[in-house]
Amino acid sequence: MSVAFSIRSLSKTYEMGEDNVVALDAVDLEVPAGDYVAIMGPSGSGKSTLLNLLGCLDSPTSGSYRLKGEEVTGLTDEQLSEVRCRSIGFVFQSYNLIPYLDVLDNVRMPRAYARGKIVFEDGVRHLVELVGLKDRANHRPQQLSGGQQQRVGIARALSNDPDFILADEPTGNLDSKTTHEVLNLLDELNSRGKTIVMVTHEKEVAARARRTIVMKDGKIEKEDCVRPLSEFSSTQRPSSGETKGKGDAFGKKIKRVWRNLGKAALLSIVTHPMRSFLTAIGVFIGVASVIWLLAIGEGIAAQAEGEIMALGANNLILSSKRPSDEERSTKGKYFYSYGLTENDFAKISKTVPHLSAAYPTREINNRPVFSKHAKARAELLGCLPNFQDLHKLKVTKGRFLSHEDNLIQSEICVVSTALSRTLFPFGDAVGESVNIGGNLYEVVGEVAPRFELKDESNLGFKELFEDNVYLPIETMWSKVFDYYYRGYDGSPLVSKITLTVDDPEKLVTIAQMIRDILGEDHDMEDFMVTVPLELMEQAEKAKMTFVALMGLVAGISLLVGGVGIMNIMLATVTERTREIGIRRALGARRSDVVMQFLLETMALTGLGGILGILIGLLCEPAYGSLIDLMESFIPSVYESLPSSMKEMTPEVVYWSLPVVFAIAVLTGVIFGIYPARKAAKMNPVDALRHVA
């Protein structure tokens, strides 16, 4: 007859401060396969200690424990977990079912930790039917009676077809009728060949076993054999619906682990929705902020790029610049004039090579303009006819300026459509006259406004286009009052000169050539040379700086979210200590417990990441609505915003979505490792004794 297990001189001593307490004192016991043993004794007699050692939940101080001929004493924690999973089935007094799993999932749970077996799903339902709970298979523990919960515990103990069953007070919390039913089920299992070791305080319960062992003071005091082994044992083993084999294929094993552990993780999250939501919200805010900030940064960069490209990729912009007060003071008390002049324009046009076009302008802002119907303040802009081509101005009525207008200094003008509606609200402006500085100028055309070019950084290309009055530049110089009027060389002042270079590769060289020419003629720095391509590089650097800063802010958000996750998971570990003990008793290795908690943190951060991405994708409409609300309800704040924010459209950076999601999940993993490892290091015995 084969031996299920045997122990020789098994002892367990606990250190209690300076004292040593002997819980088990050199116990010898041999249990044949198919035996049914009841262990009795008063509290403190060593029953629980013996049961923990037999269940590989604890390690003896000395002695030998052989299970099916294999020495168990001295095995590593991982090896002991394998033994518990493969050879031992536990039935607990307090049932120890996982509350958020239904009957099938509770019975199936040991299979998540099984290695080296080919497991069939039908076996779980077979076991549920075996314990008479077919119609309660999808119920959770709180929906079952005590007896039904104990039946689930028995079915779970059989899930991996163990070599023997350890039952710790299996009827301690049951009424007499339910006790009888559970004992009948244990009798049936024993009659089919299962080895059962049961701890009990009740003589009536112990009487159902083949033999009874009475313990006292850590030793076996006596042993009574009630019936011979052949009366109870049978060669027929209870089928769990599975067959043992060489092991699952790797893919099937991974699928089984994810199905069981992953489902348990998700159910744990769903069972505590508020806690899960609060845990995920930190990650949600971090992910959403990253997407929003990148989208806003991309929108601002795209707008700046559009404005710069509108200047022309092969253009140079020369603009007048107010010199420093220190430089101006060297010119005397009454010096006011500064900037580019007509002579500068003529010299550059004649001496600088590779120029295909030049566009000089003189601008005077906020000048009063009158009609017989109304008055307004406008920007007077003196230019050549080619100015229309430079900015692709659209003439809606009449015509634009001509070369003849400039040559003969005609008293004509072209107005923007917005200004036309103000000055001539009751009719067409073309053919009418406007009063500028006491002179009348005939309106010969209207130009649609453009708003793309906003020079809030004073880079030298400010053109608002919505309130312009266009005049021939020679007319402007000779007939419109200009406070400064003449430059350093006595020729009229020019606000800006735009130059088109026929070869974009020569832009930088020509820009430096112009700086040298102007530097020789001007004895102070009252000009600025702007290269749009250089602006593009500056804008790109500014964008990268913005992205880096916003990434830092978002990283801090994710860090805070990660700390919140760690805090919640540490509290969860304490709350679920007993569950950890149950899982360890059923064969979970430390790595399985780590995986269990990491899957939960990954699910939480993944949930936060998905919500963050969904909110991030709403950036464009949400931003537009926010700006509209500000304009409607808090106009003062709206007006204080820079135009780049008012007119910008956020652009979602789609490559950032998977990146930020992966970072969010990685954050959960990093901050979940410590709680997970803390849970895995728990002693199974101490965890099972924990009272939440």
Side-chain angles (χ1 to χ4, degrees), residues 304 307-308 311-355 357-366 379-384 387 390 453-464 473 476-477 482-501 504 506-542 545:
E307 293 177 1
I308 295 169
L311 300 174
N314 59 338
N315 283 346
L316 291 173
I317 300 170
L318 319 181
S319 54
S320 296
K321 183 182 75 171
R322 180 184 177 90
S324 66
D325 292 339
E326 182 180 352
E327 287 185 299
R328 294 184 69 190
S329 65
T330 62
K331 298 298 180 181
K333 184 177 181 180
Y334 299 101
F335 176 79
Y336 296 103
S337 183
Y338 62 87
L340 301 172
T341 66
E342 182 183 16
N343 286 343
D344 290 331
F345 168 66
K347 184 176 182 179
I348 290 171
S349 300
K350 291 178 182 179
T351 60
V352 176
H354 302 290
L355 298 181
Y359 312 87
T361 59
R362 177 58 180 162
E363 302 160 17
I364 303 176
N365 297 321
N366 202 30
E379 177 182 320
L380 305 183
L381 195 150
C383 60
L384 296 176
F387 186 82
L390 174 64
L453 305 180
K454 306 294 179 74
D455 186 23
E456 296 188 1
S457 299
N458 297 315
L459 297 175
F461 52 89
K462 183 175 182 179
E463 294 291 352
L464 299 180
I473 194 169
M476 184 104 166
W477 281 333
D482 193 339
Y483 185 76
Y484 298 105
Y485 184 51
R486 299 287 176 177
Y488 71 98
D489 56 8
S491 63
L493 290 171
V494 175
S495 302
K496 184 174 65 178
I497 303 170
T498 302
L499 303 172
T500 301
V501 180
K506 296 182 172 61
L507 273 172
V508 176
T509 302
I510 292 175
Q512 188 57 49
M513 184 185 300
I514 293 172
R515 290 188 183 101
D516 294 340
I517 293 172
L518 294 177
E520 291 177 1
D521 295 340
H522 293 239
D523 53 3
M524 59 181 177
E525 192 175 349
D526 58 352
F527 63 89
M528 181 168 60
V529 180
T530 302
V531 181
L533 289 179
E534 292 178 351
L535 292 180
M536 290 286 288
E537 294 177 0
Q538 294 174 18
E540 188 64 26
K541 290 179 181 178
T545 302

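The CD1 atom of Ile473 sits 14.0 Å away from the OH atom of Tyr359 when rounded to the nearest 0.5 Å. The CZ atom of Arg486 sits 9.5 Å away from the CH2 atom of Trp477 when rounded to the nearest 0.5 Å. Taken from CE in Met524 to CZ in Arg322, the straight-line distance is 10.0 Å, to the nearest 0.5 Å. To the nearest 0.5 angstrom, His354 atom NE2 is 11.5 Å from Leu507 atom CG. Here CD of Glu363 is found 5.0 Å from CD of Glu379. Values are rounded to the nearest 0.5 Å. Here the NZ-CD1 distance, from Lys347 to Ile514, works out to 12.0 Å after rounding to the nearest 0.5 Å.
Residues forming a side-chain hydrogen bond (donor to acceptor under 3.5 Å, both in side chains) with Asn366 (at least two apart in sequence, or on another chain): none. Considering only residues two or more places apart in sequence or on other chains, Asp482 meets the side-chain hydrogen bond (donor to acceptor under 3.5 Å, both in side chains) condition with Arg362. With sequence neighbours excluded, the residues satisfying side-chain hydrogen bond (donor to acceptor under 3.5 Å, both in side chains) with Thr341 are Asp344, Asp489, Ser491.
Cys383 and Thr361 get closest at one heavy-atom pair: CB-CG2, 4.0 Å. Across every non-hydrogen atom of Met513 and Pro353, the tightest pair is SD-CD, 3.7 Å. The shortest heavy-atom contact between Leu493 and Tyr338 is CD2-O, 3.7 Å. In terms of heavy atoms, Gly519 sits closest to Phe527 at N-CZ, 3.9 Å. Closest heavy-atom contact between Val529 and Arg515: O-NH2, 3.2 Å.
Taking 4.5 Å as the limit, some side-chain heavy atom of Asn315 sits within range of a side-chain heavy atom of Leu390. Within the 4.5 Å cutoff, the side chain of Leu384 has heavy atoms near those of the Pro360 side chain. Between Leu318 and Ile348 the shortest side-chain heavy-atom distance falls below 4.5 Å.
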Practice problem: Show the numbers, then the answer: is there a side-chain contact (heavy atoms from CB on, under 4.5 Å) between Asp521 and Asn343? | Solution: CA-CA 10 Å; Asp521 295 340; Asn343 286 343; over 6 Å; no
Quiz prompt | Derivation and outcome, side-chain contact (heavy atoms from CB on, under 4.5 Å), residues Val501 and Leu355 | solution = CA-CA 5 Å; Val501 180; Leu355 298 181; 4.1 Å; yes
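No donor-acceptor distance shorter than 3.5 angstrom exists from the side chain of Ser495 to the backbone of Ser320, with no hydrogens or angles considered.
In this pair, His522 and Tyr488 present their aromatic rings tilted. The plane angle is within the 30 to 60° band.
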